[in-house]
Amino acid sequence: MLNGLSGQSGITLHTDEGKAKTNGINDHHTKFIFQKYFIFIMRRRTLLTTTTIAVGTLSAGYLSQLRDSSVQLGLFGVSNADPESTHVFDLEVERDGDLVHQSSHELDPATYFDPGVAKTGSVAACEWGDEAGEYTVRVRMDRGDEAERSVTEFASETGADCVIADAEFRNHDMTSKFFTGKSLEIFLKDCDRMKDRYDEEYLCSFVNG
């Protein structure tokens, strides 16, 4: 009877051996899928670990840069390169967000030469001292035009430990054949590179100390 059934088309004979083979195939397939999933999880963990390390390294570098952003201000001066008019300049110095200096300077017109001018100038008293910090300098002319520079940002970009700040008003219409207009700007310089160009009496005492 079994031989007859097994010979008929479309009839499948299920035996314990067949089930064992089928189960063996399924087990092998399951192990293969599990292995692929395990490898995926491990790769994902590796990626997350690498990303975490990279972000941590960048964060540490950024925080280190912030900690190293302190700088000294070695001088804050102002000059008038306008041969036409007298101007009043108000200077302000901020350290770590606090106003540590404020002064007013009235400067006579510059003396005109052809070409160029002999500027008039003044220097702020070094009331902020030798304390390092995050400095911002600001100049306002005739209670109107204003310019501001971050000393700290300049120091971070150049590696300067001490910075000289020079504010200057220029009347290009009167002094230049190549430029037109007027400008109020603050120029920042590294103390170590530029201090020899200034009279020692104008620099903060710690600059040459």
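When each of Val117, Asn171, Thr86 is tested with Pro109 by the rule side chain to side chain contact (heavy atoms under 4.5 Å, CB included), just one qualifies, namely Thr86.
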- Item | side-chain hydrogen bond (donor to acceptor under 3.5 Å, both in side chains) assessment of Asp108 paired with Thr120 | CA-CA 6 Å; Asp108 293 332; Thr120 57; over 6 Å; no
- Stepwise, does the side-chain hydrogen bond (donor to acceptor under 3.5 Å, both in side chains) test hold for Lys195 with Tyr202? CA-CA 10 Å; Lys195 64 182 180 181; Tyr202 296 137; over 6 Å; no
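For Arg170 (side chain) and Lys182 (main-chain N/O), no donor-acceptor pair under 3.5 Å exists by modelled atom type. Looking at Asp142, its side chain never comes within 3.5 Å of a backbone N or O of Gly144 through a donor-acceptor pair. In this structure, Gln72 contributes its side chain and Asp130 its backbone to a donor-acceptor pair below 3.5 Å. The backbone N or O of Asp82 sits less than 3.5 Å from a side-chain atom of Asn80, completing a donor-acceptor pair.
Atom CD of Glu201 is surrounded by more than 12 heavy atoms from other residues, nucleotides or ligands within 6.0 Å. Counting non-hydrogen atoms of neighbouring residues, nucleotides and ligands closer than 6.0 angstrom, the CD atom of Glu127 exceeds 12 such neighbours.
Residues Leu188 and Leu73 fall within the same hydrophobic cluster, defined by Ile, Leu, Val, Met, Phe, Trp and Tyr side chains chained together at heavy-atom separations under 4.5 Å. Residue Phe76 is grouped with residue Leu107 when hydrophobic side chains (ILVMFWY) are merged at heavy-atom distances under 4.5 angstrom, including chains of intermediate members. No single ILVMFWY cluster, assembled from side-chain heavy atoms under 4.5 Å apart, contains both Trp128 and Tyr198.
Taking 4.5 Å as the limit, every side-chain heavy atom of Glu146 sits out of range of all side-chain heavy atoms of Val139. The closest side-chain heavy-atom distance from Arg95 to Glu134 is not below 4.5 Å.
With salt bridges taken as basic N to acidic carboxylate O contacts below 4.0 Å, one links Asp90 and Arg143.
Note: Phe169 and Phe89 have tilted aromatic rings, judged against thresholds of 30 and 60 degrees for the angle between ring planes.
Residue Val88 comes nearest to Ser104 through the heavy atom pair CG1-OG, 3.4 Å, listed as atom of the first residue, atom of the second, then distance.
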